[in-house]
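To start, the structure under review is shown below, and the notes come after it.
Computed from a predicted model, the values in this text were never measured in an experiment.
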Amino acid sequence: MSVQDDLTAVQRCLDDLARSVGRLEKQLGTGGIEMRRVRTDANHLRESVALLRDAAASPAATQRKPELVTIPDTPYDDSLWIDTDDEGLGARDRHAP
């Protein structure tokens, strides 16, 4: 199956879910927190699948590489750490109990 076929299948399932939630709302009412939560979760799933469909449609979706960050080997400037405590050792001018 292709990605588009899978996304279409997911969309069909979400449509079925929306219909089922609608039927439940008619039977149980829309005022309860549980029903509102189920409706909200179903809507979030719809939005997520729409975002996924848009991302899969972009030509660069399969060619994306993570952006690398270079970390220098030079030591950090000591003035950055003047007002901090040494981890686990406490402040510089105090002694451990």
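- Looking at every heavy atom in both residues, R46 comes nearest to D15 through NH2-OD1, 3.0 Å.
- Considering CG of L7 and CZ of R12, their distance stands at 11.0 Å, rounded to 0.5 Å.
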Handout entry: side-chain contact (heavy atoms from CB on, under 4.5 Å) between R53 and T8, intermediate numbers included
Key = CA-CA 9 Å; R53 185 180 294 273; T8 302; 4.2 Å; yes

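- By the neighbour-count criterion of 12 heavy atoms within 6.0 Å, atom CG of L51 is densely surrounded, having more than that number from other residues, nucleotides or ligands.
- Note: L52 CG to E47 CD = 13.5 Å, rounded to the nearest 0.5 Å.
- No side-chain heavy atom of T40 sits less than 4.5 Å from a side-chain heavy atom of N43.
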Show me, pair by pair, the donor-acceptor contacts under 3.5 angstrom made by side chains of residues 21-28, not counting sequence neighbours?
unit_1: R23; atom_1: NH2; unit_2: S20; atom_2: OG; d: 3.2
unit_1: E25; atom_1: OE1; unit_2: R39; atom_2: NH2; d: 2.8
unit_1: E25; atom_1: OE2; unit_2: R39; atom_2: NE; d: 3.4

